[in-house]
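Values in this document were obtained by computation on a predicted structure and should not be read as measured data. Scope of the values below: all heavy atoms of this structure, side chains included, with no hydrogens, waters or symmetry mates.
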Amino acid sequence: MVHQYSAWKVLTRRKRLTADGSEGETKLNRVLGLWDLTALGVGSTLGAGVYVLAGQIAKEQAGPSVMISFAIAALASLLAGICYAEFGARVPKAGSAYVYSYVCIGEFVAFVIGWNLILEYVIGTASVCRGISLYLDTLLNDTLKETFAAVAPMNVSFMGSYFDFLAFGLVVVFGVALAFGVETSAMANNFVTCVNIFILGFVIIAGAVKADFSNWTVDAATTNATSVGNGGFFPFGFEGTLQGAATCFFGFVGFDCIATTGEEVRQPRKNIPRSILLSLLIIFLCYFGVSTVLTLMLPYYVQDVNAPLPYAFEYVGWPVAMWIVTIGGLVGLLASLFGALFPLPRVMYSMAQDGLLFRFLGKISPRYQVPVTGSIVAALFTALFAGLFDLAQLVSLLSIGTLLAYSVVAISITILRYMEYSESEEQTPQGISETSSLTSRSERFTWSSLCTQLFNVHRAPEPNQISTRIVGVLTTLFCLLSLGLGVLLMQGYSAISSGKAWALTLLILLLVLIAVVLLLTCLQPREPRSRLFRVPFVPVVPAISIFINIYLMLQLDSWTWIRFGVWMIVGLSIYLFYGLPNSYREMRRQRSGWQKLKYSGDL
């Protein structure tokens with residue numbers, strides 16, 4: 001068993017962020033440029049969300065206000081995207097949020113985030129394959145469903161009703177193809193993404209021609225349909241629009257795959273931030289335009305939940321447009337499949353290189369310069385999820401892992417901006433520090449020094465150990481206050497809207513405490529300015545991102561949290577029995593090497 005003190009050091013040790021933000025040369029092949037990255041981000045995102053999700057949310061949750069739901073989800077994604085962009089410029093490494101949290105917070109949090117990223121990309125790929133299967137099956141009058149249900153039925157409540165062989169096969173084929181040629185796969189993805197954007201542009205223009213604004217003012221009393229709500233633009237109330245935003249968030253998941261390509265990009269410090277922001281802009285315009293014309297072409301309560309766009313053009317009497325959109329849907333979903341499957345082996349590679357996952361997953365093929373073994377294992381593992389679970393189950397599980405990763409990235413940005421870099425950390429061999437700045441014991445706290453630094457009375461020009469710890473505590477406190485505010489808004493919304501004293505008092509108290517925490521954070525000294533891309537208005541922008549992510553997580557149902565808990569138990573077991581012993585041995589080896597250098601006079 002690892003000694004308690006040493007175990008704490010292992011759990012909180014951080015990757016060293018060098019002056020130029022790098023960690024040495026990469027074994028991967030740098031072949032991707034700005035447009036490759038943008039096409040990867042757009043292609044991975046504009047799939048099931050735009051071709052399947054828009055109609056489902058309009059019919060069941062938001063009505064015509066689905067466009068506002070997408071706008072809210074886009075805001076949450078934009079704030080997260082800005083944070084990813086800064087880290088992509090500062091730490092251009094494979095691993096995305098896993099590496100970022102390893103740099104800023106510590107190994108244990110990094111493992112949790114890395115394990116959640118694996119969940120995000122596994123479920124993202126599986127959901128796209130399920131979406132393709134449902135989309136194609138709708139056009140084939142449920143032939144696939146009936147065949148698979150007869151051949152391989154599953155009578156398990158928390159799984160799908162049948163094993164989807166088409167979804168399983170698609171993941172295997174794409175995964176193997178991706179494992180043996182990144183450059184060729186990227187060229188194919190660029191072409192498919194351009195076709196997808198062209199067809200979505202056609203949908204928006206053609207749909208605008210058939211727009212009927214009376215569909216936004218439908219009177220529920222005049223319809224015979226069930227689950228119509230109250231009619232109008234907000235048939236299910238603004239609460240329904242917010243719930244729709246939590247689901248719409250799934251439609252923006254995928255742009256962060258750009259951040260996992262840091263070791264395969266030419267000029268990553270420039271291209272990663274630019275491609276993230278450019279892809280988010282294109283994605284939002286497509287979602288907003290498609291969801292707007294979709295609810296203008298036909299009433300929200302008659303939308304088709306599996307293939308809404310082809311059905312909409314059939315509804316307005318344009319069969320040629322219906323087939324164009326049908327082909328576009330398949331093209332878009334295939335592009336989304338590539339983008340969803342691409343980052344998974346990169347995260348596994350990064351974690352395996354650090355010894356937190358099985359090392360064979362991080363083995364690089366000398367011929368193809370990609371983690372071939374990890375790619376094939378990831379494809380097979382993802383294919384099982386695609387075959388076993390329904391789309392609705394997959395989407396909810398995807399959202400919780402993604403939102404948690406986005407929250408930690410925003411937290412990491414705040415901590416990194418106020419982090420102290422010590423000389424001993426720069427001299428530690430192998431680029432790994434033994435402790436995080438938040439847990440270093442070299443300087444003792446006193447109430448006097450704490451209060452002095454809390455208000456930064458002496459106007460310290462650079463971060464120090466005390467100020468860094470204060471920011472860590474204030475950030476944790478902000479997360480707890482955001483959680484409390486989110487619960488209050490969910491459970492006490494009616495009490496607040498009706499003006500009850502207890503609810504208003506609690507709301508004002510939480511808002512004041514949040515403002516005080518942010519103000520005290522702003523008073524702390526920051527790192528020197530850099531010419532790299534930086535998140536503006538820190539800590540306010542990361543704070544807004546954290547709150548939105550927490551609030552959207554609270555919208556998810558209890559079964560989603562249970563499935564998430566099971567996934568985390570499996571991951572923590574791997575870390576406890578494999579990753580933690582590896583890290584302990586590595587830390588001892590590094591300390592021994594550092595001591596030898598010190599005694600030999602080289603330090």
Side-chain angles (χ1 to χ4, degrees), residues 46 48-76 138 199-252 283-322 324-325 328-329 489-490 493-494 496-499 551-552 555:
L46 286 180
V50 72
Y51 286 102
V52 179
L53 204 61
Q56 177 185 336
I57 296 172
K59 184 173 184 177
E60 299 174 355
Q61 292 179 303
S65 66
V66 63
M67 55 189 293
I68 297 179
S69 297
F70 273 114
I72 295 172
L75 175 62
T138 301
I199 292 176
L200 288 176
F202 169 80
V203 168
I204 295 170
I205 295 171
V209 174
K210 287 290 186 177
D212 182 0
F213 283 91
S214 64
N215 289 324
W216 281 1
T217 57
V218 172
D219 186 355
T222 62
T223 65
N224 296 321
T226 58
S227 302
V228 178
N230 299 320
F233 192 75
F234 295 97
F236 304 101
F238 193 68
E239 296 163 87
T241 305
L242 291 176
Q243 290 176 353
T247 311
C248 284
F249 189 79
F250 161 75
F252 288 90
I283 292 161
F284 168 68
L285 292 176
C286 289
Y287 275 135
F288 192 82
V290 168
S291 60
T292 299
V293 299
L294 187 62
T295 52
L296 286 173
M297 290 171 69
L298 69 164
Y300 65 91
Y301 55 85
V302 296
Q303 300 280 346
D304 186 280
V305 295
N306 290 326
L309 292 178
Y311 179 78
F313 282 103
E314 182 183 16
Y315 182 88
V316 298
W318 278 13
V320 175
M322 179 194 76
I324 292 175
V325 173
L489 292 176
M490 278 189 62
Y493 180 79
S494 57
I496 294 172
S497 59
S498 60
Y551 185 75
L552 292 178
Q555 300 286 332

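The distance from the NZ atom of Lys210 to the OH atom of Tyr315 is 12.0 Å, given to the nearest 0.5 Å. Atoms CG and CG, from Asn215 and Leu294 in turn, are 10.5 Å apart once rounded to the nearest 0.5 Å. Distance check, rounded to the nearest 0.5 Å: OH of Tyr551 to CG of Leu242 gives 5.0 Å. Once rounded to the nearest 0.5 Å, the distance linking OG1 of Thr292 with CD1 of Ile68 reads 9.5 Å. Here the CG atom belonging to Leu285 is positioned 8.0 Å from the CD1 atom belonging to Ile204, to the nearest 0.5 angstrom. Within the model, atoms CG of Asp304 and NZ of Lys59 stand 7.0 Å from one another, a figure rounded to the nearest 0.5 Å.
In this pair, Tyr300 and Phe236 present their aromatic rings perpendicular. The plane angle is above 60°, beyond the 30 to 60° band. Ring orientation note: the planes of Phe70 and Tyr287 are close to parallel, at an angle under 30° on the 30°/60° scale. In this structure, Phe213 and Trp216 have perpendicular ring planes: the angle between them is above 60°, well past the 30° mark.
Residues forming a side-chain contact (heavy atoms from CB on, under 4.5 Å) with Tyr493 (at least two apart in sequence, or on another chain): Glu239. Residues satisfying the ring pair (Phe, Tyr, Trp, His ring centres under 6.0 Å) criterion with Phe284, sequence neighbours excluded, are Phe288.
A distance-only check finds no donor-acceptor pair linking the side chain of Thr241 to the backbone of Ser69 [under 3.5 Å]. Checked by atom type and distance alone, the side chain of Gln303 never pairs as donor or acceptor with a backbone atom of Ala54 at under 3.5 Å.
Here the closest heavy-atom approach between residue Ala312 and residue Leu298 is recorded as CB-CD2, 3.5 Å. Here the closest heavy-atom approach between residue Ile57 and residue Cys248 is recorded as CD1-SG, 3.3 Å. Between Ser65 and Ala62, the shortest heavy-atom distance links the atoms OG-O, 2.6 Å. In terms of heavy-atom proximity, Tyr311 sits nearest to Val302 at CE2-O, 3.1 Å.
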Practice prompt. For Leu296 and Asp212, run side chain to side chain contact (heavy atoms under 4.5 Å, CB included): C-alpha distance rounded to whole Å, both residues' side-chain angles, the deciding distance at 0.1 Å, then the answer.
Written response: CA-CA 5 Å; Leu296 286 173; Asp212 182 0; over 6 Å; no
Discussion item. Walk me through whether Val320 and Phe313 qualify under side chain to side chain contact (heavy atoms under 4.5 Å, CB included).
Written reply: CA-CA 9 Å; Val320 175; Phe313 282 103; over 6 Å; no
Worksheet item: Step by step, would you call Thr295 with Met67 a side chain to side chain contact (heavy atoms under 4.5 Å, CB included)?
Response: CA-CA 9 Å; Thr295 52; Met67 55 189 293; 5.6 Å; no
